Every structure is written in structure tokens, then in C-alpha cells.
Amino acid sequence: MSAEKVIIFDTTLRDGEQAAGTRLGAREKLEIARQLTRLKVDVIEAGFPASSPEDFEAVRLISEHIEGPVICGLTRAVAEDIKVCSKAIAKAKRSRIHTGIGVSEIHIAGKFADDKYGKTMGEKQATILKMAVEAVKHSAQYTDDVEFYAEDSGRADRKYLYEVLEAVIEAGATVVNIPDTTGYAIPEQYGALIRDIRANVPNIEKATISVHCHDDLGMAVANSLAGVKNGARQIEGTINGVGERAGNAAIEEIVMAIHTRRDFFEKVETGINTREFYRTSRMVADMLGMPVPANKAVVGRNAFAHSSGIHVDGFLKKRETYEIMRPETIGLAESRVVLTARTGRHGLRHRLEEMGYTLSQQELDKTYERFLAVADKKKEVFSEDIAAIISDEIHVVEQVYELQHLRVVIDTGSTPTASVKIKTREGTKQADACGDGPVDAAYEAIRQATGQSPKLENYSIRAVTAGKEALGEATVRITENGRTFIGRGISTDIIEASARAYIDAINRMVSAKDKGQGPEVKAEL
Ligand code: MN
């Protein structure tokens, strides 16, 4: 018996980004979509087009440029959402609309409290069923690939859930998504829900069952796999498990579990190119400003580090003793390729292409210039350094402020002082300030020079690779009027990296203000 394919549905750009506390630019989303294409995910949920003009633009751009995966847009069961979504995905070679509605009594009572939806729960349920069917039929006018999500399925009345699923499949839904939106399920229970749906929805064979799990109790991956064991054939998840609250199911963990435990999951296989996991993970972590914990399964820095003495001894004798997966399988070994100052422009471009980046000539030139400066100080430049340089150089917003000069004086026993020169719209501004520490002093000087004073929420710095000449990458999180912006900066000097990160965040903030962006509608799937 040949194995059945499990569809891998990536929602890093929708559910993942929604939770990161910041918005990626369309250009950044396109780069991630390109990498997801190399990873060979089957479906990319590119965004929720009706939620904001930026999300619309990102979905449109990805639909136009990405070939291979199905490009999917999320909607509520609202005609306007569906219309907007259909426009955003219009240019995709293969497109999908993902629509749906809450089906549990708690959701129905909470979101459809108005009497216009019905006075009793029974009446309201009838209205919701009708809205679900209409949304699917409407979506089917634009694409033959329609997915329906039955939000909060786990807490829904079973008989009603079966009724809704039967009706939406009849209306043309080709995939039915059974999300554990709140991350409340337990594997046995969630598996049983999928099994019961297969046993009780008469036309279920006409649709693919999809699982969408959250990690509030740390069971998103286990729940997803229990769903697959019981007949689900699509899994929704994100890279690194990023997502609302504790996150979504981590795709790399699910796929590597199926891959490594073929003996247990003998009926299924995925089409994923696992060798792209490591670089996909790094790209997503860099762009969202959400570093991967060292002990994270599959893609964590220590996931393949066998440090205990006994382990190392056993490991050297026979790799299989302690290694259930090979680092090459997730592309770890390949990521360490070294470039030096002698690497030419062509060599760099080749490496960038291997890493999944497609840059314009101008972007390549800027990246090359920066690469040479880094190679000069660092001697050996790793893929990780290149990824950091790109995320620092390829700006998604207008550079209203640019750091031209930074000088920081630290003298034990006296207050650190900083002076900056920053290019602004009104010309170069210079400012001097002192602070509790060198970064604090630099930030005060930047505030004075730019006239911007957002609240600094979070600041962190990490070494991009090992060694004393390593690039430092600073990440800052700032807020103003309830909106959050993340900025990143890199340099072999950590104070300079910190200043760059702060200015990057301020540029993103100013760009959002220029566009008059308000808070966006969030999906609760
Ligand atoms: Mn979700």
C-alpha cells in the first residue's frame, strides 16, 4: 500500500505574523514565501486581505510572484471579506479562499448576540449555518479550492458540527478545517473528534480534513499528529511554531516526526524538502524578531549538539546511538558554508540564491558593500551573517532617518556620553546626550536628533555566530499609541548595532504614521 500525502499548510505569514506584535512588509513576506516554496509546502496562507491594506498588498504580491504552492487568503464569513480576498489572490496560478465561522454555543452567543441572528440558540445556529453555506458558495465563484474553518469545533455541539460540515461540503468546500483555536485539546480527545467527524458526516469523503492546533498546553504538535492518525490529511502550522499566544503547531516538528517515525506513521508522507528547514527557521526568526530557543526541537541551536561526555563517546562509536535525525536532513551542515573577503559579487549572489534570496541589482550592490565591510573585520562570513546583513540592508520602509556617525565615550567612574549625526528629511541633525549606560546614552541622543520619543519596550542583543569577531544583532521593540514596532540592526560593534536597531524601529513607526495605518482586524482562528 502506498502512503497517502499529507498536505502541509503554512500559516506563518497569517497566524504567525498576527502574533509577532509587528507587521512584516510585503517585501519581507514575499521573501519568506519564496523560502516556503523551496521548502515545498503545499499551501501558503499569505494573509487576511480584508484586515488591512498592507495585508492585501502582501497577498497580492505573493499571488503574483510565487509559483508552486497554492496561495490562500483568509476571510470571515462576510461577503465583503470574500470579495476583497478574491481580488488579492486573483493572479495566483492556484488559489484558495479560507473562510469560516464560529460553531460552538459560546462563540455563537458571544459574537452573534444581536437578535437579528435569532432569539434562541436554535435560531442563531440556523442563521450561522446559512451564513457558512453562503460564504462557501460565494467563495466558490472565485476559485474551486475553498476551505471552511469551523471555529471552536472542539466545544461545539457535535450534532450541530456534523450538520454544518455536511452543509458546507455540499456547498462546495473541498477542505474542512477543525481548529483547536484555544489550544485546549488533548491528543486522544482531538484524535477522537477527527475520527467521529469521519464516521458521522455522510459526505466527508468529498473533502480533506484539516487540523489547526495551538500550543497553549504544549500539545499542538501532538494534537495535529493525533488528527493525522485518525484520518486528517492536511496540517496547518507555522515555522518555529510562531503564532497567537503560545503559538501554532511547529511545521518542522510535525514533518520531522512523520519523517523520522515512518514506522509509526506508515500510512502517510509529506512532500516537504526537509533540507530547507534550518534556513527557513532562521529567516522567519530574523524577520519576525523572534529568536529560536537553543533547546527548541529540530531547529534549536542545541538540537544536534551532543555535549554530555557519555553521549559523545557513544556518538563517536556509532551515530545512531544518540542521533535519531541527521543534522544534514534539516540542512544544518550546509548552512555553515564560509565566505571571505575574496568572495566576489558572483560568489555572493550564488550563495544568496542558494539561501533563497532573490535581490535586485541595487539590493545586491548594497549587500555586497556591507558584506565586504563585515568580511574585512570578521575573516569568515557564515550564511547566518549574510541573512543578518540582508535583513539589515533590505529596507521595507523609507529610511527617513539614517545613522551617519556615532561616537560613544565610556570611562569607568563617569557617566557614558554619546553623540550622533543623523540624516533626516530636514538635513543632518546632530545631538549629544549622556545616559546610564552607553546604549542608553546613544538612544537619548537619537531621540534628540530625530525628535521622536517612542517608548522602549524591549531590547536584546545576540551574537549571530560564535567567535569574538561575531556580528552582534540588536533587536528593539518600541511602542507608540498602542502600536508596536520591531527594529533590528547589526554590526561587529554592539553599541552601533543597538543604535541601528533603534533607528530602524523609528523608521518603521514613522512610515506607518505616514500611511495613516490604524489597528487591524484580527482573525481569531
Ligand atoms: Mn490559529
Side-chain angles (χ1 to χ4, degrees), residues 7-24 29 32 36 41-52 55 58-59 72-78 81 85 96-104 106-107 110-111 132 135 147-156 161 173 175-187 190 193-194 208-228 232 234-254 284 288 290 520-525:
I7 305 290
I8 301 297
F9 176 113
D10 180 281
T11 184
T12 305
L13 297 177
R14 203 277 300 167
D15 220 345
E17 189 229 21
Q18 184 175 300
T22 187
R23 286 184 213 163
L24 292 172
K29 283 192 165 189
I32 292 178
L36 292 171
V41 302
D42 301 287
V43 184
I44 294 175
E45 186 162 63
F48 175 10
S51 69
S52 71
D55 234 29
V59 177
C72 173
L74 185 78
T75 81
R76 293 166 294 186
V78 173
D81 274 25
C85 182
R96 174 182 294 186
I97 294 177
H98 188 190
T99 190
I101 201 161
V103 293
S104 68
I106 300 171
H107 273 246
K111 291 184 189 169
E147 174 169 343
F148 176 83
Y149 63 87
E151 196 184 337
D152 207 24
S153 304
R155 289 190 292 183
L161 173 65
V175 181
V176 288
N177 177 11
I178 312 301
D180 178 29
T181 308
T182 53
Y184 183 72
I186 302 290
Y190 190 67
L193 171 64
I194 302 299
T208 302
I209 299 176
S210 183
V211 293
H212 178 114
C213 299
H214 278 269
D215 211 31
D216 298 70
L217 292 172
M219 287 188 276
V221 168
N223 286 334
S224 305
L225 291 170
V228 169
Q234 177 177 286
I235 302 170
E236 307 190 7
T238 60
I239 299 300
N240 300 340
V242 295
E244 285 291 338
R245 307 179 307 277
N248 289 62
I251 286 181
E252 65 279 7
E253 294 179 21
I254 289 170
V284 168
L288 287 179
M290 295 178 88
E520 69 180 22
V521 188
K522 271 200 173 191
E524 287 163 12
L525 168 59

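Keep in mind that what you see is a predicted model, and the values were worked out from it rather than measured. In this chain, numbering begins with 1 at the start of the sequence shown. In each ligand, atom 1 is the first atom listed, and ligand 1 is the first ligand listed.
A salt bridge links Glu151 with Lys111: at least one charged nitrogen is closer than 4.0 Å to a carboxylate oxygen. Salt bridge Glu17/Lys29: present, at least one basic N to carboxylate O contact under 4.0 Å.
Legend: residues meeting ring pair (Phe, Tyr, Trp, His ring centres under 6.0 Å) with His98, ordered by chain and number and at least two apart, are Phe9, Tyr149. For Asp10, there are no salt bridge (charged side-chain N to carboxylate O under 4.0 Å, His left out) partners, not counting sequence neighbours.
Every pair passing salt bridge (Lys or Arg N to Asp or Glu O under 4.0 Å) that includes a residue from residues 208-228 is listed here, sequence neighbours excluded: Asp216-Arg245.
Each of Thr238, Asp15, Asn240 was checked for a side chain to side chain donor-acceptor pair (under 3.5 Å) with Asn248, and the lone residue meeting it is Asp15.
Less than 2.8 Å away from the Mn ion (ligand 1), the protein contributes these N/O/S atoms: Asp15 OD2, His212 NE2, His214 NE2, Leu525 O.
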